[in-house]
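All residue numbers refer to positions in the sequence shown, counting from 1.
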Amino acid sequence: MTLQNLDTAPRRARGLPAPPIRAFLARYGLVIAFLALWQLSGTLGWISPAVLPPLDAILGALWTGIASGALVDDIAISLQRAGLAFAGAVALGVPLGLLMGQLRPVERALDPILQLFRQTSALALYPVFILLLGLGETSKVFVIFWATLFPTLLATIGGVKQVDRKLVEMAESYGAGRVQVFRRVILPASVPAIFVGLRLSATTALLLLIAAEMIGANKGIGFQVMNAQYNFQIPLMFAAILLMAGLGLAANAVLVLLQRRLCRWSLD
């Protein structure tokens, strides 16, 4: 094959990366097409703008809300609620999952009650939490904590159980004690699975945040969604929904970046 033929050969066949524009379109082309269709459907009157405003109106409402400070307090309060619940779920779920994954008697004792609670919807229990904890911040944070605990806990248990027993036996054959095996083998091997649970929990926290703030709240992004809907401020309603989606993407990106830094050995 001549050099000219080699230059004209498909880049994928030669194992070379695609050009940046092509790679960008391959990843985000459908998203761009969806957003363009959304904008055109409202602008050209395919769908009533009162029901589905065009993107420029939604982005304008979002910019106005942030620039005026109306949405800034809501963002801070929502992040505080979701952050406290997520931190509590991680603080309890990861250690408990590591314990249950290693000690079968502990798992056998706790698994039935955990399975019962896991199958009960957090939203179904929200009225119970309100009765026990009141209609203030505690019940809102606790219902988010309740929903985010189980993805982290189950992912941690699964990560511990999936550790290759040959690695444990090899470490023990070299004289490693129980604590050393945990620190050097079990914990590092479980981290990728734990991060899967953390990403699921972060998404769940934001989903439950909307529902919790729609009941008995006067601040927060979820409250803004309901308040805008009640007042028929549809662009602002979609702006708040778009803002929540952006926060979810940002949280996922942070966790992915942290996972790449901590688990470089497990990534391609």
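- A continuous path of hydrophobic side-chain contacts links L55 to I241 [ILVMFWY only; heavy atoms under 4.5 Å].
- Note that CE of M237 and CD1 of I58 are 8.5 Å apart. Values are rounded to the nearest 0.5 Å.
- Taking 4.5 Å as the limit, some side-chain heavy atom of E107 sits within range of a side-chain heavy atom of K161.
- With sequence neighbours excluded, the residues forming a side chain to side chain contact (heavy atoms under 4.5 Å, CB included) with A57 are P53, P54, listed by chain and number.
- Sorted by first then second residue, the ring pair (Phe, Tyr, Trp, His ring centres under 6.0 Å) pairs that include residues 83-125, not counting sequence neighbours, are F117-W146.
- Every side chain to side chain contact (heavy atoms under 4.5 Å, CB included) that L132 has, sequence neighbours left out, goes to V128.
- Distance check, rounded to the nearest 0.5 Å: CD1 of I77 to CD1 of I221 gives 10.0 Å.
- At least one side-chain heavy atom of L52 sits under 4.5 Å from a side-chain heavy atom of S41.
- A salt bridge is absent between K219 and E137: the closest approach of a Lys/Arg side-chain nitrogen to an acidic carboxylate oxygen does not fall below 4.0 angstrom.
- Aromatic pair F142/F145: centroids less than 6.0 angstrom apart.
- Closest heavy-atom contact between A202 and L255: CB-CD1, 3.9 Å.
- Ion pairing between a basic and an acidic side chain is recognised when a charged N comes within 4.0 Å of a carboxylate O; E213 and R81 show such pairing.
- In this structure the side chain of L125 reaches within 4.5 angstrom of the side chain of T120, judged on heavy atoms.
- In this structure, K140 and F129 have side chains that are not in contact, with every pair of non-hydrogen atoms separated by 4.5 Å or more.
- Heavy-atom neighbours of Q80 CD from other residues, nucleotides or ligands within 6.0 Å: at or below the threshold of 12.
- To the nearest 0.5 Å, atom CG of residue L258 and atom CG of residue L198 are 8.5 Å apart.
- Residue pairs satisfying the side-chain hydrogen bond (donor to acceptor under 3.5 Å, both in side chains) criterion with at least one member in residues 236-252, sequence neighbours excluded, are listed as follows: R199-N252.
- No side-chain donor-acceptor contact under 3.5 Å links S78 to the backbone of I75.
- A distance-only check finds a donor-acceptor pair linking the side chain of Q39 to the backbone of D56 [under 3.5 Å].
- Cluster annotation: L243 and W38 are assigned to the same hydrophobic cluster (Ile/Leu/Val/Met/Phe/Trp/Tyr, side-chain heavy-atom contacts under 4.5 Å, transitive).
- In this structure, the side chains of L208 and L123 come closer than 4.5 Å at one or more pairs of heavy atoms.
- Applying the ring pair (Phe, Tyr, Trp, His ring centres under 6.0 Å) test to residues at least two apart or on different chains, none of the pairs has a partner in residues 182-234.
- By the neighbour-count criterion of 12 heavy atoms within 6.0 Å, atom CG of L116 is densely surrounded, having more than that number from other residues, nucleotides or ligands.
- Residue S201 comes nearest to P151 through the heavy atom pair OG-CB, 3.5 Å, listed as atom of the first residue, atom of the second, then distance.
- The local environment of CG in L131 is crowded, with over 12 non-hydrogen atoms from other residues, nucleotides or ligands closer than 6.0 Å.
- Residues V225 and Y126 fall within the same hydrophobic cluster, defined by Ile, Leu, Val, Met, Phe, Trp and Tyr side chains chained together at heavy-atom separations under 4.5 Å.
- Taking OG1 from T64 and CG from L236, the interatomic distance works out to 9.5 Å, rounded to the nearest 0.5 Å.
- With rounding to the nearest 0.5 Å, the separation of CE in M226 from CG in N231 is 11.0 Å.
- Across L110 and I113, no two heavy atoms sit closer than the pair O-CG2, 3.1 Å.
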Let me have the donor-acceptor pairs involving side chains of residues 93-101, under 3.5 Å, with sequence neighbours excluded, atom names and distances please.
none

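- L62 and L249 are not part of a single hydrophobic cluster, where members link through side-chain heavy atoms under 4.5 Å apart.
- Looking at R261 and L257, their side chains come closer than 4.5 Å, going by heavy atoms from C-beta outward.
- The same ILVMFWY cluster, assembled from side-chain heavy atoms under 4.5 Å apart, contains both V106 and F150.
- No donor-acceptor contact under 3.5 angstrom links the side chains of T148 and T204, judged on distance only.
- Nearest heavy atom pair, residue A82 against residue L206, reads CB-CD2, 4.4 Å.
- Under the 4.5 Å side-chain criterion, counting only non-hydrogen atoms from C-beta, L153 is not in contact with R118.
- Side chains of S190 and T156 form no contact here, defined as non-hydrogen atoms less than 4.5 Å apart.
- Atoms CD1 and CG, on I66 and L71 in that order, are 6.0 Å from each other to the nearest 0.5 Å.
- Closest heavy-atom contact between F238 and V51: CE1-O, 3.6 Å.
- Across M244 and I210, no two heavy atoms sit closer than the pair CE-CD1, 3.4 Å.
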